[in-house]
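When a residue number appears, it is its place in the shown sequence, counting from 1.
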Amino acid sequence: MAAVHQVTIALPDWINEVVDWQKTYADDQQKMALAVELSRQNVLRGTGGPFGSAIFAADSGKLISVGVNRVMPMHNSSAHGEMVAIMLAEQRIQSFSLAADGVKRELFTSCEPCAMCLGGTLWSGVKRLVCAATAEDARAIGFDEGPVEASSYQYLADAGVEVVRLVQRDAAAKVLNDYLNHGGTIYNG
């Protein structure tokens, strides 16, 4: 077997059917609606797990990147929606930090991040994290979100990351339940 020297992170082909890259997103409701719709489409189209994320420029509402869970189709345990969005945003602005150019960016995610994605949020340089469904909602269908505690969120706050929770929780939790009810694989349970 040949050694692997490259990993490619790719969004599903349908992304451009769902995402309006030219739209200005005016508020948290519109931004979260996109993240939740990405998670829903990912489930409906069978292209990954029930998680979606989007990164915006906070001042302008301009969409920078999106991500959906690609763990199973990419055979990559780190291809969570948040991590995919972060990697694609950093690639787009050509920096390892989403704060390097002084633009405040925010990450909207259809579910509170797991331990890996919470760490990735800190390292990414986003200044605001907005979540829909809770980690308890994800655990209720069988996903193990890892060692995320109240102190984890306090650490983010202390580092200058504003955290907002429960924006469109019901809609996002419905996607999680639909995933489970339609036979979605719980790959880390």
Answer yes or no: is there a side-chain heavy-atom contact under 4.5 Å between I15 and L38?
-> yes

Sub-3.5 Å donor-acceptor pair from the side chain of Q94 to the main-chain atoms of Q91, do we have one?
-> yes

Do I86 and V103 sit in the same hydrophobic cluster, where Ile, Leu, Val, Met, Phe, Trp and Tyr count as joined when their side-chain heavy atoms come under 4.5 Å apart?
-> no

Answer yes or no: is there a donor N or O on one side and an acceptor on the other, between the side chain of R70 and the main chain of A10, under 3.5 Å?
-> yes

Between CE of M83 and CG of N76, what distance do you get to the nearest 0.5 Å?
-> 10.0 Å

Find out whether the Lys NZ or Arg CZ of K31 is both under 6.0 angstrom from the six-membered ring centre of Y25 and within 45° of the ring's axis.
-> no

Between Q41 and V18, the two heavy atoms sitting closest are CG-CG2, 3.8 Å

Has W21 got more than 12 heavy atoms of other residues, nucleotides or ligands less than 6.0 Å from its CH2?
-> yes

Heavy-atom nearest pair, I64 first then R92, reads O-NH1, 2.8 Å

Residue pair H80, V84: steps toward the side chain to side chain contact (heavy atoms under 4.5 Å, CB included) verdict = CA-CA 6 Å; H80 290 201; V84 170; over 6 Å; no

Considering only heavy atoms from C-beta outward, does the side chain of K104 approach that of D59 to under 4.5 Å?
-> no

Is atom CG of D13 surrounded by more than 12 heavy atoms (other residues, nucleotides or ligands) closer than 6.0 Å?
-> no

Can R165 be said to sit on top of Y153's aromatic six-ring, NZ or CZ under 6.0 Å from centre and within 45° of the ring axis?
-> yes

Closest heavy-atom pair and its distance - S124, V126 = OG-N, 3.2 Å

Would you call D28 and F108 a side-chain contact if the rule is heavy atoms closer than 4.5 Å?
-> yes

Any donor-acceptor pair under 3.5 Å linking the side chain of R128 with the backbone of V161?
-> no

CZ on F56 to NZ on K62, rounded to 0.5 Å | 12.5 Å

Okay, side chain of E106, backbone of L129: is any donor-acceptor separation there less than 3.5 Å?
-> no

Quick check: are there more than 12 heavy atoms from other residues, nucleotides or ligands sitting under 6.0 Å from CD of Q22?
-> no

C117 SG to L122 CG distance, which is reported to the nearest 0.5 Å = 13.0 Å

What is the minimum heavy-atom distance between L11 and V68, and which atoms define it?
-> CD2-N, 4.1 Å

Check whether any side-chain N or O of S53 sits under 3.5 Å from a backbone N or O of A85 as a donor-acceptor pair, and report yes or no.
-> no

Give, for atom CD of E90 and atom CZ of R105, the distance between the pair rounded to the nearest 0.5 Å.
-> 10.0 Å

Once you round to the nearest 0.5 Å, how far does CG of L63 lie from CG of L34?
-> 6.0 Å

Output field: ring centroids Y187/F143 closer than 6.0 Å | yes

Indicate the atoms forming the closest heavy-atom contact of S39 with V36, along with that distance.
-> OG-O, 2.6 Å

Joint cluster assignment, L107 & Y155, ILVMFWY side-chain distance < 4.5 Å = yes

Is there a path of hydrophobic side-chain contacts, each under 4.5 Å between heavy atoms of I, L, V, M, F, W or Y residues, that connects M87 with F96?
-> no

Could you give me the CA-CA distance, side-chain angles and deciding distance for I93 and L98, then say whether side chain to side chain contact (heavy atoms under 4.5 Å, CB included) is met?
-> CA-CA 8 Å; I93 71 165; L98 295 175; 3.7 Å; yes

Using 4.0 Å as the upper bound for N to carboxylate O, is an ion pair formed by D170 and K174?
-> no

Between N181 and N177, is there a donor-acceptor pair closer than 3.5 Å when you use the side chain of the first and the backbone of the second?
-> yes

Give a yes or no answer on whether the side chain of E37 reaches the backbone of A33 with a donor-acceptor pair at less than 3.5 Å.
-> no

For the pair E82 and T109, evaluate side-chain hydrogen bond (donor to acceptor under 3.5 Å, both in side chains) and give the outcome as yes or no after the intermediate values.
-> CA-CA 7 Å; E82 298 95 334; T109 185; 3.0 Å; yes

Can you tell me how far OG1 of T134 sits from CG of L166, rounded to the nearest 0.5 angstrom?
-> 7.5 Å

Smallest heavy-atom separation, Y179 atom then G49 atom, equals CE1-CA, 4.0 Å

Is it possible for you to say whether M32 and V164 belong to one hydrophobic cluster, with membership spreading through side-chain heavy-atom contacts below 4.5 Å?
-> yes

So, do N42 and P12 sit near enough that their side-chain heavy atoms are less than 4.5 Å apart?
-> yes

Flag yes if V71 and L44 sit in one hydrophobic cluster, no otherwise; membership is Ile, Leu, Val, Met, Phe, Trp, Tyr, and two members link when side-chain heavy atoms are under 4.5 Å apart.
-> no

When you check the gap from the basic side-chain N to the acidic O, do R169 and D137 get nearer than 4.0 Å?
-> yes

